[in-house]
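Okay, so here's the structure we're looking at.
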Amino acid sequence: MGSLKKEEEELEQLGEYSKEAILYVNGVRRVLLDGLAHLTLLEYLRDIGLTGTKLGCGEGGCGACTVMVSHYDKELKKSFHYAVNACLAPLYSVEGMHVITVEGLGSHKQGLHPIQESLARSHGSQCGFCTPGFIMSIYALLRSSQKPPSEEQIEECLAGNLCRCTGYRPIVDAFRVFAKTDDTPYINTSTLSSEGGEFVCPSTGKPCSCGLKSESSCTTHESGTHSKRYAPVSYSEIDGSTYTDKEFIFPPELLLRKSTYLSLTGFGGLKWFRPLRLKQVLELKEKYPDAKLLVGNTEVGIETRLKKIQYKVLIFVTHVPELSKLTVKDDGIEIGSAVRLSELLKVLRTVITERTAHETSACKAFVEQLKWFAGVQIRNVASVGGNICTASPISDLNPLWMASRAKFQIIDCKGNIRTTLAENFFLGYRKVDLTSGEILLSVFLPWTRPFEYVKEYKQAHRRDDDIAIVNAGIRVHLEDRGGWVVSDASIAYGGVAPLSLSAMRTKIFLIGKSWNQEVLQGALKVLQEDVLLKDDAPGGMVEFRKSLSVSFFFKFFLWVSYQMERKKCIKESVPLSHLSAVRSFHRSSVIGAQDYEVIKRGTAVGSPEVHLSARLQVTGEAEYADDTPLPPNGLHAALILSRKPHARIRSIDDSGAKLSPGFAGIYLAKDVPADNNIGPVVEDEELFASEFVTCVGQVIGVVVADTNENAKLAARKVHVEYEELPAILSIQDAIDAKNFHPNTERCFRKGDVDICFQSSQCDHVIEGEVRVGGQEHFYLEPNSSVVWTMDGGNEVHMISSAQAPQKHQNYVSHVLGLPVSKVVCKTKRIGGGFGGKETRSAFIAAAAAVPAYLLNRPVKITLDRDTDMMITGQRHSFLGKYKVGFTNEGKVLALDLEIYNNGGNSLDLSLSILERAMFHSDNVYEIPNVKIVGRVCFTNIPSNTAFRGFGSPQGMIIAENWIQRIAAELKKSPEEMKEINFQGEGSILHYGQQLKHCTLGPLWNQLKSSCEFSRARYQVDQFNIQNRWRKRGIAMVPTKFGIGFTLKHMNQAGALVHVYTDGTVLVTHGGVEMGQGLHTKVAQVAASAFNIPLSSVFISETSTDKVPNASPTSASASSDMYGAAVLDACEKIKARMKPIASQQNFSSFAELASACYVERIDLSAHGFYITPEIDFDWTTGKGNPFNYFTYGAAFAEVEIDTLTGDFHTRVANVFLDLGYSLNPAIDVGQIEGAFVQGLGWVALEELKWGDPAHKWISPGCLYTSGPGNYKIPSINDVPFKFSVSLLKGHPNVKAIHSSKAVGEPPFFLASAVFFGIKDAIRAARAEVGSNEWFPLDNPATPERIRMACLDEIIEPFVSTDFRAKLSV
C-alpha cells in the first residue's frame, strides 16, 4: 500500500480531498477550521451563541442536547433527517451536513412552529430546560416521516428524553396532535365554560369553539381529544415533511457537494481522519495501530469525558461504503460494521414482513431488543460494529449475535479476510479476537431454520433507555425424531461475567434430549453451575442476577413450548395460567384526565393560564445561568475535589496544574479573603478543606483557566496526598458509633406509650424496622454561577441557578469579607431545583467568587452532571424503628418511634428535615399515645439536603408501613385499617396543633368512588387467580401535608410593584421561578388586583437588590407568601390611585396611571406578608408549626412480572384539595410532576454508595452519578391511565384567594404505586403458601420485587427472609 501522503495527493486531484470542512446550521453556511477535532457539536453550537441546545448530562442520557441532522445520500437521491445527541457528536462528524437546532424552528418574535405552539399551549413546559430537546426529537421524527407517525412512534421517539418537572403526560398530549389517529373532539368529556358561557379549552384556558357550549363550571379533560390536529403541508425526498412554509430546506450546496477525505486535528495533538474507502481505513490502521474507529462516538465520547481516556488518532468511518452495506441474501443478512442501529432495525422490520416466518426468529429477537436499546438519538448514530467491538459485558446485542449463530468477518491491513463465530469472538473484559492491525468488516446473520427459535431477554432498572442488569439471547433447534429433541442450542448471557457468557454446560446438557419438563428441571440446575458470581462481584445484586439467568431460561422454555403447541407439534400443553410468563410487554399510550373547576377572581386569578415563559422555553430563547455569555477576559472554574471519605491532607502539589494550558490561577483555603467557614444554619463546613476532608467530593480548592475543559484538566493535575482515617458510611455505622451531629436529638410525646403498651388496652403489639432510600434531585440544569466584580472590585454581582439567591449573597459576602449590601445575586429562572438548589448551590458560587474577586475577572462555573450528583447531596435516607400497639379491630393506641436520618458530613438542613419527618410521622392517623425520638447521623458522605417534601415523605412512608402491617396481622384490608384510624375535624396532633377545615373524609370517599375500589379489588383478584407469573396489586394512600416553614422567622415575604404610565405593571418578588409557575401565579394576582389583562404584568427576575432578605423558594409556601406580598403592594398603589379614579371614569388602566403620574402619585410600592398564627416551641414540643394542611389521596394499580421484577403502573388516580386554585392547569402540572417524581423515589431511583452494603464500590464514592447508572422515570414509566382531580367546593380561608399550596403535597401519593407493588408481591407469595407479613424497602426496584416473590426458581439463591442491600 502506498503512503497516506501520496493517497492524499491522488484524492486532491480527484476532488475527494479537502482541507476545508463546512457545515450548515439553521440554513447558515459555516466553515469549520482545522484544530477543532476535540470539540463536540454541542460545544460548538453554544460557542456560536445557539444556547437553546442544553448540556444536561454530557453522556447522551437525558436528551436536553438533541438536535436534528440532515444529510443527502447521492445513491438513493434522498435526504435523511434524524435526531442526535449533540453532547456526544464530534463536531467534524457532521461535516457536510445540515444541523437544525431549536432556534431554527421558530421564535416568539417571528412566530412559533406548530410543534412549539402545541407544547406551550398544552402546559408541556415547566422549568423549560429539557423542552428544546423534546421539541427537536419530535421535529426530527415528523420531518423524516412521509406520513404522520403513530402515537406509539411518537412515544418511542421521546424515550431518549428526560423531564423532571411535568410527569410527561402534557408532553405526550402536545405531540399526540401530530399522530395519524383522528379522535373526535373531546370524546366522553364534560366541558368547561367561562362566565360568558363560551367553551373554554382545557389545553389553553381560553374561549374556543372546539367543544359544545355548556353551563358547567368544571372540566374533565381527556388526553388526545383536542380537535386541533396538524398534518404536513408538503413532502419531498430532499426536505422531508414540512409543517410550515418557513421550514429550512436542505442546502443546495450540500446536494452538489461531494464527500471529501478529511485529515484534521484537535487539541493535544489529536488527529481526525474521515476516509472514503476501505483501503484508506486499512492504511490508516496500519500507520496508527492504536487508532480508534468511530461511527457514533457513543462509547468513545463517554470514555473521554467520564473515564478521562485520551485517544491520539480517531478514524471516522461512516463514509466508507464497504463498511455501511446492508445486504439481504438467500442464506441470511450481511451487515456492515458501520451500519447504524436505527438502520438495522428498519431493515429487520421490513425483512420480517417479507420472508417466511420461520426464517426470521432471530430477526424478531433483534427487533425486540433494539426497541429497548438506548434512546432513538443513540440508535441513530451507534453502529453494529461499535457495539460489538466495545465488548461491554452488558451489551444487549452481543448475547444475541452469539445465540443466533452469527459470523463476524474480520479484515487486516493487508486485505486478508477471516471469519469467526460470534460465540468465539469475546475473550475477556472488553477484549475481542482482533489484533491491532485488524478491524471488523461485517456481520452475517443466518436465517433461522424450521423449528429453530431465538428469543431475547433483558432486565434493567428502567424499561427503556437503560443498560441491562442481565440480558440474554437463547436459541434452540428442535427436530422430530419420534419426539421433539434438541439438535442444537445456544444460551448466552450479559451481566453475569466480565464478558458475554456462553452457558456451555447447559448447551451440552440440552443437545440430544427430549423437549419436556424433565429437561427443563435439569437445565435449570446445570445453569446454576454455568453462571457463577462471587458475592463481591462488580455491580452487586448477585442473587438477583443469578435468579434472572434461570428465570430467562424458564421463560424461554415456556415460550418455545407454547410456539410448538400452537403448531400442534407437542401434546404437553402450557397451562393457561403460565402463559403470563410468555406474553411480551406491550405498552398502551398514556391516557390522562384532569378534573377541576374554574373559579375566576378578577381578570386572571383562577384561570388555567399557560406558563408565562412557555413561549420562550419552547423556542430555546429562555435564558439560564450557563447561557450567560462571558466577556473576552472571562475565566472558567473547576473544583479540586477530595477522593477520600475521611482523611488528613498531607500535601497539595499544584505544579502540574500551573503548567496546564490556559491556566490562570489556583485558590486554596489559605487564599480565601475572609472566613473559610460556611453553613446555612451552623458554620460546620469549610469552603475549601484546610486540614481534613470528611467526604469524597469535598472541595479542596478551585482552578481557573481560559476554557471550561482547560480548567477541568488543570484541576485533575493537582495532586493531593492523604493520610486516610476511619470512615462512617451508613446510618447503622453512625448508630453503632453514636456518631450524631451535635444538638440534633428531638423528641415528641403525647400521652404515655409505656403505660399503654403495658396495659390490657393493646390486643397486639408489633415491632419493626423501615429502611427508606435516598433520592437524587436530578434537576435537568446542573448547578451554574457567573460571578464578576464591578467598580474596581468594590461590588460583586452574580447570576446563579439558585432557589435561595439570598444564601448565595450571604455566602459570597461572608467568604470575601464584603458587606452584604455590596453583593448582588440575580436569578431569572432555574432549570429545576426541588430543594437541591436551596443551600447546596451556594458554596459553588462562593468558590467561584474567590478567583473572580482576587483577579477582578468574570468567572463562570458549571458543574458536570457526575460532579453535581457527587458533591451536592440528595434526599436523606432514613431508618425508622417502630413499636405499635393496637386493638383487635385495628384501632391504633400507641406509637413508639425512633427515627434517624443520614445527614452526611455537615448539618446543612438535616435537623429541620428530621423535625418535619417527625411532624408527619402520624400521616393522617389518630394515635392517642405517641413517643417519637429523632437523631441526625453524621456520616462521611456529602451533606444531604432539602428535597421536595423536606422529610415528610420519609416520615409518612414509615407510618404507612406499620399501618399495612397491622392489616396483615389482623388479616384485614389496609384501606379498612386506615379508615378506622383517620384523623378528622378537631383532632389534636402529637405536637399540639388542632386540625381545622379537614377535608380528608370527603376527599378519600370521592377517590374511592372514582376508582371503583371494590370492583378494582375483585378484578385484580381474578387476574391473579388466572395468572401464575404476572400479578396485579392495588393500593390507596392518603396524605396530610403541613404548609409553612417550621422556623417561624422564615414565614415572611417581600415584593416590589411598579405601575407605568402605559398601564403595564412590573413585579419583583423574593421567590424564584423554577418551573412551578410561581411567576405566572403571582402575575395573575397582580392582574386581578388592578383588573388588567395578564399580558400587562411582567416579572423579569429575582434579585437581592430589589427584595432583600428573602426566604428560599421552598416549603410549597411561595405562592401563598409572595402572592400575598404582591397583593399588599397592589392594594397600597390602588389606595393611592383611588382619589384620582373617583374623579372621573377612565377608559383604561393606562389612562388612570397617566393621570396619577400627572398628579404626582407614587406608583411604586413595597409589599410585605407574614404568615399568621405560626409558632412552635421545641422546649415543650407543642405549638402550631403550620398555617394549614393540604390533603390528598391516590389510588394505583400495578402489574409485576414475578420472574424478573419488572413492573408497570396501569392506573393512577389522584385527588387533592387545593381550595380555589390560583391556576388549575399549573396545579395539575405540579401534581402530575410530583407524582411521577415520587414514583421514581418509591420504585426506580436507587443511590448506591461505597458503604458496607456495596463493598464493590470504592469507599464513600457515589456509583450512581449520572443517567447511565441512576434512573429517573422516563416517558414509559407514566401510568397508562393517569387521572388528576381537584376537590371542589372547599375554599381555604387561610391563604390568598382561598387557594392552597401544591408543590410538595402530591409527592408522597406516589407511594400508592409502592404499596400496589407490595400487594402484587403478596399475591405472588400466596401461590407458595406464604401469607405472612414481609418487609419491602423503597425503592421497590426490580431486584427487590423479584427477590420478594418467593417461588421454586429463586429458592436455591436466597432464604425466605432475604432483604436486598440498600444504601442508607
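For this chain, numbers begin at 1 and follow the sequence in order.
Side chain of N940 to backbone of C695: no donor-acceptor contact under 3.5 angstrom is found.
Counting heavy atoms from C-beta on, the side chains of C998 and F1189 never come closer than 4.5 Å.
Ring geometry, F1307 versus F947: the interplanar angle falls from 30° to 60°, so the pair is classed tilted. Between H920 and F1041, the ring planes are tilted. Angles from 30° to 60° get that label.
Annotation: cation-pi pair K837/Y779 present, NZ/CZ under 6.0 Å from the ring centroid and within 45° of its normal. The side-chain tip of R865 points at the ring of F778 from less than 6.0 angstrom away and within 45° of straight on. Geometric assessment of K996 against the ring of Y1188 yields a negative cation-pi assignment under the 6.0 Å and 45° thresholds.
For W1178 and Y991, the gap between ring centers reaches or exceeds 6.0 Å.
Applying the side chain to side chain donor-acceptor pair (under 3.5 Å) rule to S987 yields the partners E926; only residues at least two apart in sequence or on another chain are considered. For the ring pair (Phe, Tyr, Trp, His ring centres under 6.0 Å) test, no residue two or more places apart in sequence or in another chain qualifies with H646. Scored by the side chain to side chain contact (heavy atoms under 4.5 Å, CB included) test, C756 finds Q761, C762, L893, A894, N929 as partners (sequence neighbours excluded).
Ionic pairing of R840 and E685 is present here: one or more N-O contacts between side-chain nitrogen and carboxylate oxygen are shorter than 4.0 angstrom. A salt bridge is defined here as a Lys NZ or Arg NE, NH1 or NH2 lying under 4.0 Å from an Asp or Glu carboxylate O, and K1294 with E1173 meets this definition. E723 has a carboxylate O that lies under 4.0 Å from a charged side-chain N of R648, or vice versa, which qualifies the two as a salt bridge. Salt-bridge formation is detected for the pair E1245/R164: a Lys NZ or Arg NE/NH1/NH2 atom is positioned less than 4.0 Å from an Asp or Glu carboxylate oxygen.
Environment of CD1 in I988: crowded, with over 12 heavy atoms of neighbouring residues, nucleotides or ligands closer than 6.0 Å. Within 6.0 Å of the NZ atom in K1365, the count of heavy atoms belonging to other residues, nucleotides or ligands does not exceed 12.
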